[in-house]
Amino acid sequence: MSTRSWIVLFVLLAAFCAVLMFVPRTGSDSYIAAVYSDGELIRCIDISAVQTPYEFSVPSSDGGENVIRVENGVIRVVYADCRDGLCVDHGVLSRSGAPIICLPHRLVIRWISDDSGIDAVVGG
Amino acid sequence: MFEAKKGGSPLKKLTLVFAVVCFLFSSCSYSSPDRDTPYSAQYFCMDTVMDFISVYGESAQEATEAAVQELERLDALLSAQTAGSEIYLLNETGSAQLSSDTLDIVRRALSVYDSTSGAFDITVYPLMRLWGFYTDEHHVPTQEELQNYLSVIGSDKISLSDDGGLSFNVPGMGIDLGAIAKGYAAQRVIDIFESSGIESAIVSLGGSIIAVGTKPDGSAWRVGVQAPDGSSDIIGTLSVSDVTVVTSGGYRRYFEDNGETYHHILDPHTGVPADSGLVSVSIISEDPALADALSTALFVMGREDAEAYWRQYGGFDFVLICDDGTVVATEGIKDSFSYDGDYEVVYR
């Protein structure tokens, strides 16, 4: 193969790799967290794409609320007026860990796409 | 000329090869969403979250909805806290004619009670009420209270006739099927999925995992085992198919009083939270009701008795986490249990 052919091959491969790196991905390479309220999916958040931290409130059917804070790579419940506060105590949603659950307010936050390869978490 | 047309120039060949590689790569990266996108849904039932994480198949939604209907039916039947349920009425009156479902579960529970020498006991209901675990109005009992309540504990004080007539031999008794009902319900979900042609699914019934078949690509489901330190981290993973995985630990339901922590898994022999040296017990079995009941029983029994029980009865595997951090797993899962550290393997 001539030198010119090698150069063309190199340029083509470099361009191909650049496309793979910069085109937005879907699937297992995204860190997408889903927020469910009473079984209904209310938000899907690409945690890895969050530039500016923000908070939002999720009202529950019993008149209560959970306040969720989202930062780059991090999602957690920072306030809840539920009876046990376990959702706040849970802390951040670990990359491969158990979902955040607020049973009194029927709120669940879990990954629907991450890079851990974990399909479910068993806990007692 | 002829040769050049036949083989093409090196540059043309290179471009062609590159194009083919790109095409193949693209084809492999994106697959039909109809075939590979699972159905997913969440419901609240049995005082916990029923998370149908991924259900594959054309009838996934219908099968899931049928499973949820069955879970709700069982919850209405079996809950000790729901006024009007079969168990609620039994506990109120001290006797009942059991329906076939309740009779099945009670028989399984009594069988595990016998085989575990009382480490698993559905008659802990009065003790659970005394400690306030049902209402979250927690109370640390006095020794006198414990002695009084222990007199009504013991499945050997239950009379059960062949036709399902159940009565308590001692006034004040009551039963709670919570430590086996989810496992029984899991079997119903598996049965419904099977009859609906669902061959691939993973479901969490309040943290108990049902792994139906394998993933659509034929690989095993990967189930993380939650760390017992109260965090949401995992300590290891199990690669499983066609089994149920159930964990019991004291790190989810507990309360603190005067600097002491009291978890909800009571030792039926002492009436206080089990202190066997184990902080987490995971059971892996094709029998969900057995897995559910044994996760509680082995937590109460401790490591030594758990290993002896496994050797005697089999039919399941386990992962134990001891309070000194030691991790122990049975030989049946040593190839499917991934743990970032050393763990001890128990052999027959």
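Each chain gets a letter, A, B and so on, in the order its sequence line appears, and its residues count up from 1.
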Sub-6.0 Å ring centroid separation between B:H263 and B:F133:
no

If you tally heavy-atom pairs under 4.5 Å against chain B, which of A:P99, A:A120, A:G97 wins?
A:A120

Look at the aromatic rings of B:Y262 and B:W131 and report parallel, tilted or perpendicular, splitting at 30° and 60°.
tilted

Quick one: what part of B:T237 sits under 4.5 Å from any heavy atom of chain A, side chain, backbone, both or neither?
side chain

Donor-acceptor check, side chain of B:S285 to backbone of B:P288, threshold 3.5 angstrom: yes or no?
no

Honestly, the part of B:S40 sitting under 4.5 Å from a heavy atom of chain A is side chain

Chain B heavy atoms under 4.5 Å from A:I101: which part of the residue, side chain, backbone, both or neither?
side chain

Audit row: B:Y254, B:H264, ring-ring contact (aromatic ring centres under 6.0 Å, His included) steps and yes/no
CA-CA 6 Å; B:Y254 64 88; B:H264 74 289; 9.5 Å; no

Where on A:D38 is there a heavy atom nearer than 4.5 Å to chain B: the side chain, the backbone, both, or neither?
both

Is the shortest distance from a Lys or Arg side-chain nitrogen in B:K215 or A:D119 to a carboxylate oxygen in the other one below 4.0 Å?
yes

Contact class of B:I202 relative to chain A, heavy atoms under 4.5 angstrom
side chain

Given side-chain hydrogen bond (donor to acceptor under 3.5 Å, both in side chains), test B:Q69 with B:E65 step by step and report yes or no.
CA-CA 6 Å; B:Q69 275 189 3; B:E65 287 169 357; over 6 Å; no

Side chain / backbone / both / neither for B:D233 at chain A, heavy atoms under 4.5 Å
both

Under 4.5 Å from a heavy atom of chain A, the part of B:V281 involved:
neither

